[in-house]
Amino acid sequence: MSSGEKYLAAAYGVIFVVLLLWVVIIAAKLTRLEREVGELAERARERRDGD
Amino acid sequence: MIRARGLEKRYGRKRVLRGVDLDLAPGGFLVVTGPNGSGKTTLLRLCAGLALPSGGALEIVPDRARVGFLGHEGLLYRDLTALENLDLFGRLYRVPERRERIGMLLGRFGLWDARNERVAAFSRGMAQRLALCRAFLHDPDLLVLDEPFTALDGEGAALLDRELASLAGDRTFLVATHDPHRLAPLTSGRLALGAS
Amino acid sequence: MNYIEDVATLARKDLRLELRARDTLPAMLLFVLSTFVVFHFALPQGSGEAAAQGLLWVALVFTALLGLARSWAPEREGGVFDGLVLAPCDRSAIWLGKAAAVLVFLVAIEVVALPAFALFFEPLDGAAVAGVALANLGICAVGTLLAAMAAASRTRELILPLLFLPLAIPLVVGGVGSAISPEPGRYLLFLALYDAVFAIICWASFEYVVTE
Amino acid sequence: MSTSSRNSRVPALAALAAALVGLSLALVFFVAPEDADQGISQKIFYFHVPIALTAYACFGWGALKALLYLWRKDERYDLESYVGIHLGTVFGTLTLLTGSIWAKASWGVWWTWSSNQLVLFLVLFLFYCAYFMLRFSVEEGPRRASLSAVYALFGVVLVPVSFFAIRLASDFIHPTVFNREGPQMSGTMFATFCVAWGAITVLAYVLYRVELAGKLLDQHLRELREALA
């Protein structure tokens, strides 16, 4: 690969990596949210069975 | 004078006030009580126009020039003297016969001798009296006082009692306190805030 | 008319506070002079006028930052922000009064610092001094508002340089340019434009910085 | 205004974004002719410039929402302003990275002060990092929203001001010798550029909506947790 092609690949690679990073961060948030919703659902069930 | 329905205040995650109703007619004297952290200070800041409610309705009739406020902090410049502080706020509030009124208030609260001393040199009780002078300075229609008796000694408290008694009836008061009995004779309404 | 009176009242208060406490002015003066001395040793021999002008502006910007960091200290220590916000005056008068006071301090410092610079490094021509004067307006206008923001934050003065420096870059460009460029007119015009634009936006938005 | 109805369009937009990005990649690598003197590395341009333009758009969007917040005091606008500026900073970082790679490819240096656009993005990058520093150092609540909104407005004013400052500065720091902002583009090159620009813009909007949905979920969850407390 000529040096030009290397830099071209590097540039588009960087774009892809940064977007991937963003997706990872959003995925981490989604799993946290999912766990919290689970806890709340649990608490709601306890309350409903309780009274 | 003040009307609040379902008043709510949130600071991000913390909800400080919820569902507070309040009516304060002109000339009224409403005493707000409640444990620490029940949102008394926040409610008073809302009624003084220092903060916006997060929910519910709040109407305050007098505009801010006619509101006197006493907070936990003295709202005074520590490196200015008593006279300079009152002179500054007197100008901002455009108080007529400013010098005479400042002199009268300082005398009424027993601070005349310390008028040229810097607030930084004041004891907490003297600073509280000066803060009261500042709150009464522009003869406001509505007075919002947050625990006015804190740090006052016997004499200071008596002076404040006399001042409140002389103004009750033709001025409107919203006072937060831990010792409502003292204000019982003047009180026209009570509001107890639970620990939210 | 009342607006001008309020601004004057507030500015006079700051001048009185400074004369009484005397903590900001001496500190700023010593800071700018010692910075020059440090530059003398940091500056390799014969590095030319552009470098010297650049160092003048580094010293000016950071001296201004020192003054701005203390600008709202009296209000914060006495909890007086609420008192000013409640006062019937227009909230922008609070900003303008403080900016005027900071300007007086900055000019007082520069009256000593600029001749000292001319003595230590390069003489300053009329355009350079005009550049400093115009930049002072921008520094005080924007800096005072940002200092009020910093006062509301937990980290107090620590965040002020972060907020201020990106906005000060155009001022440094205008200042250095007016000193070393053969035709300084463009740079002085740019500085005047910066002052006008940012003074308006500060004047309009200060209310939202001090109220909730 | 339940958020579910507004979010129904997001999957469709995401599909559109994917299609457009795929199309523009194909155009860039297989259709667009190689630039005469810069060679193949010139193809970085097709994504570098649209990303820069999208970063400007995000900062503008954040400032618009900030203005709406100051006017309406609705928490929703503060959130939208924050997400907009957050995305603008991500794209700004990308612009700096791809820009320096392009500078290395065409001028042999990883950083050059002579490319006005790169320097402008560096200034904006510093500015908006300070935006987040400010946001994290103030208690959550209306105060933080107001301060962030005012600072965001400063940011959008700073863009043109810095642009002129940098142009003025480049006269005396060292004159620009060879910065090719917009190389002459033949028909297909320009078409590729437009498709890429469209693709990046739609992609940015999708990222914005997804991130915003995540933040709103956070908020609703908090209210739910309080209700069940």
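Throughout, protein chains are lettered first and strands after them, A, B, ... in sequence-line order, and every chain is numbered starting at 1. Fair warning: this is a prediction, and the values are worked out from it, not measured in the lab.
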Rounded to the nearest 0.5 Å, how far apart are CG of B:Leu92 and CG of C:Leu10? 5.0 Å
B:Arg91 side chain vs C:Asp6 backbone, donor-acceptor pair below 3.5 Å: no
Which bit of B:Leu52 is near chain C, if near means a heavy-atom gap under 4.5 Å: side chain, backbone, both or neither? both
Is it true that, when you exclude B:Glu97 itself, more than 12 heavy atoms of the residues, nucleotides or ligands shown sit nearer than 6.0 Å to its CD? no
Residue from C:Glu5, C:Arg20, C:Arg12, C:Arg16 scoring the most non-hydrogen pairs under 4.5 Å with chain B is C:Arg20
Under a 4.0 Å N-O cut-off, is there an ion pair linking C:Arg22 with B:Asp79? no
Distance (rounded to the nearest 0.5 Å) between B:Leu75 CG and C:Leu84 CG: 8.5 Å
Who are the side chain to side chain contact (heavy atoms under 4.5 Å, CB included) partners of B:Asp63, not counting sequence neighbours? B:Ala65, B:Arg66
Does B:Arg5, at its CZ atom, have more than 12 non-hydrogen atoms belonging to other residues, nucleotides or ligands within less than 6.0 Å? yes
Under 3.5 Å, sequence neighbours excluded: what are the donor-acceptor pairs made by side chains of residues 24-39 of chain C?
unit_1	atom_1	unit_2	atom_2	d
C:Thr24	OG1	C:Glu18	OE1	3.1
C:Ser34	OG	C:Leu30	O	2.6
C:Ser34	OG	C:Phe31	O	3.0
C:Thr35	OG1	C:Phe31	O	2.4

In Å and rounded to the nearest 0.5 Å, what is the CG to CG distance from C:Asp82 to B:Leu70? 11.5 Å
Is a side-chain N or O of B:Arg64 found less than 3.5 angstrom from the main chain of C:Val85, in a donor-acceptor match? yes
Quick check on the structure: residues of residues 202-212 of chain C within a heavy-atom distance below 4.5 Å of chain B, by number. C:Glu212
Closest heavy-atom contact between C:Gly83 and B:Tyr93? O-OH, 4.5 Å
Rounded to the nearest 0.5 angstrom, the CG-CG distance for B:Leu50 and C:Leu86 is 4.0 Å
Mind checking which of residues 68-77 of chain C sit less than 4.5 Å from chain B, heavy atom to heavy atom? C:Pro74, C:Glu75, C:Glu77
